[in-house]
Number of protein chains: 2
Amino acid sequence: MATTASTDRLRRITEAVREAGSIGVAELAALTGASEMTVRRDLEVLAGQGVLERYRGGARSLLLRGEEPPFTLRAQEGIVAKRRIAAEVAGLLADGESVVLDSGTTCLEVARAVAGRRLTVMPLSLHAVNALTGAPQLTLLVPGGRPRPGELALTGPLTQASVAALRFDTAVLGCCGLNAAHGLTAYDLDDATVKRAAIASSRRIIAVAEATKLTRTALAVVAPASSVDVVVTGEDAPEEETDALTAAGVSVRRV
Amino acid sequence: MATTASTDRLRRITEAVREAGSIGVAELAALTGASEMTVRRDLEVLAGQGVLERYRGGARSLLLRGEEPPFTLRAQEGIVAKRRIAAEVAGLLADGESVVLDSGTTCLEVARAVAGRRLTVMPLSLHAVNALTGAPQLTLLVPGGRPRPGELALTGPLTQASVAALRFDTAVLGCCGLNAAHGLTAYDLDDATVKRAAIASSRRIIAVAEATKLTRTALAVVAPASSVDVVVTGEDAPEEETDALTAAGVSVRRV
DNA sequence: ATTTACGCACACGATTACTGTTCTATCGAG
DNA sequence: CTCGATAGAACAGTAATCGTGTGCGTAAAT
């Protein structure tokens, strides 16, 4: 669901470009079944997102191996699992709590899940901010900072200062990797700094991590796994990883 | 232009409710020529904006005398004049400048006018933030704060701290009233505080004020007119007011 | 209890977004 | 410099979406 023809085509083009390194417009048109004009328009969009670079006749990938695909594509991937996880997190929050909510696609779903609740929320991404403006019962706090293009995650000294100036009941953190061995890791260094600030300002740490994240480790180490109080993950999470997390003192919830 | 049938109807309903204090659904349907169902849906929207309160059979106004109409309506009023003023302000800014950009509908147009420019901008409203996300050349700084419903103007200690932590070349300020006698005035006290912080952090102060603002004075005094370096206003600005401003040392530009 | 209004559900119309085709200007290779 | 191929603008047709109105069951106030 929520997989329209156009977003599916964008995803396939992104993958094809990334696999091939560089690829021609005609090939992409044949691959997707769309006209060359449509492919060109798609490439223009993806170039605007920084996914690839145009050249006459085709495009070459800008995503290095191991880098994340752009936000708009990740937001659609495994969205049902993300919604389930988000609903579980919403259930863990009590009315009236103050929450700092991390950036990322899963946390965006959390934002949507708590939009009707009576909470105080500081989201660390403008996507989540926009999802929560207009929520009548909810007190929305915007942190300062520089929004990273596409991701719209707020980072930098202003963000750190905003988070550090407050004390939250709960931090809901996304991650790029989470396991007992390497702890909670992120791709972006600035993001990692902000996450650390969120941990330092919060009494309880909830991490959201789809099953795939448990076997992955990213560049920036945010905190050891033992800093996390609760992990919400999918049913398909590998048992050895969840056992190791449990052994590290983390409460694991599969949904 | 940009006056669709539905926004026009919302405006007329808002005015009718405000004039009558309270009014029935049937009357509004007759007045607008729309069905009662449509009127009900409109009233729901306006109730969500805090313009009015529903009761069975009709609605009563929540706008006290002298208060502002909601953002969505003000954004449409005199939009051509606002665009002209915004273009003039954009012309006053040099590439590379750092700018703090106030909240309000005119400043939102300024945001749109500078979207393609190479500037560093901190907008004081989420409307302007959203207008500027994705602008490639522009460095966007988001201040912290609590967004006021509808207006989405950021206020509070987080906002003040964000503004105070930086020094800007130029502040572009909106206002509710501006004249030589009472200075720059605003409806909202929190807004006024943020505006003062912006003035304190900026070398040059540009005020945008449609002609009607020059003969108006609002509750909160932000600063004397002499603090303002440049006022950009409409051609139809009353000459006695502009003369007085000029006498106070303000450079007045009519466009 | 009765009447009135509310809002849900569906259907229709208008507007908008998307895709493909054609044509011309442009770019790059040799 | 010339030639061939691609890019992009303009238009048209189609799909999707939004706004609006009607009918009906339900809830609320008198």
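Sequence lines set the chain letters: A, B, ... in the order given, protein chains first and strands last, and positions in each chain run from 1.
We find the CD-CZ distance between A:Glu44 and A:Arg54 to be 8.0 Å, quoted to the nearest 0.5 Å. The CG atom of B:Leu31 sits 8.0 Å away from atom CD1 of B:Ile13, with the distance rounded to the nearest 0.5 Å. The CG atom of B:Leu214 sits 4.5 Å away from the OG1 atom of B:Thr233 when rounded to the nearest 0.5 Å.
Judged as a side-chain hydrogen bond (donor to acceptor under 3.5 Å, both in side chains), and not counting sequence neighbours, the contacts of A:Glu97 are A:Thr170, A:Arg204. By the salt bridge (Lys or Arg N to Asp or Glu O under 4.0 Å) test, B:Glu15 pairs with B:Arg11, sequence neighbours left out. By the ring pair (Phe, Tyr, Trp, His ring centres under 6.0 Å) test, A:Phe168 pairs with no residue at all, sequence neighbours left out. The side-chain hydrogen bond (donor to acceptor under 3.5 Å, both in side chains) search around B:Ser6 returns B:Thr4, not counting sequence neighbours. Applying the salt bridge (Lys or Arg N to Asp or Glu O under 4.0 Å) criterion to A:Asp169, with sequence neighbours excluded, gives A:Arg203.
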Kindly list each side-chain donor-acceptor pair under 3.5 angstrom involving residues 55-63 of chain A, sequence neighbours excluded, with atom names and distances?
unit_1	atom_1	unit_2	atom_2	d
A:Arg60	NH1	A:Glu53	OE1	3.1
A:Ser61	OG	A:Leu63	N	3.1

Please tabulate, for the side chains in residues 111-118 of chain B, all donor-acceptor contacts under 3.5 angstrom to protein atoms that are two or more places apart in sequence or on a different chain.
unit_1	atom_1	unit_2	atom_2	d
B:Arg112	NH1	B:Glu109	OE2	2.7
B:Arg117	NE	B:Asp95	OD1	3.0
B:Arg117	NH1	B:Ala90	O	2.9
B:Arg117	NH2	B:Leu93	O	2.6
B:Arg117	NH2	B:Asp95	OD1	3.2

Check nucleotides 13-21 of chain D for protein N or O atoms closer than 3.5 Å to its own N or O atoms and list the pairs.
unit_1	atom_1	unit_2	atom_2	d
D:dT20	OP1	B:Arg9	NH1	2.9
D:dT20	OP1	B:Arg9	NH2	3.1
D:dT20	OP2	B:Arg9	NH2	2.9
D:dG21	OP2	B:Ser35	N	3.2
D:dG21	OP2	B:Ser35	OG	3.1
D:dG21	OP2	B:Thr38	OG1	2.2
D:dG21	N7	B:Arg41	NH2	2.7

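Nucleotides of DNA chain C with any atom under 4.0 Å from a heavy atom of chain A span, from 5' to 3', C:dT19 to C:dG28.
One axis for each end of the helix from C:dA1-D:dT30 to C:dG30-D:dC1, each built from five base pairs, and the angle between them comes to 50° at 10° resolution.
Between the side chains of A:Thr159 and A:Ser162, not a single donor N or O lies within less than 3.5 Å of an accepting N or O.
Remark: B:Arg54, B:Tyr55, B:Arg56, B:Gly57, B:Gly58 in residues 53-63 of chain B come within less than 4.0 Å of DNA chain C through at least one heavy atom.
Sorted by first then second residue, the side chain to side chain donor-acceptor pair (under 3.5 Å) pairs that include residues 137-151 of chain A, not counting sequence neighbours, are A:Arg74-A:Glu151, A:Arg148-A:Asp191.
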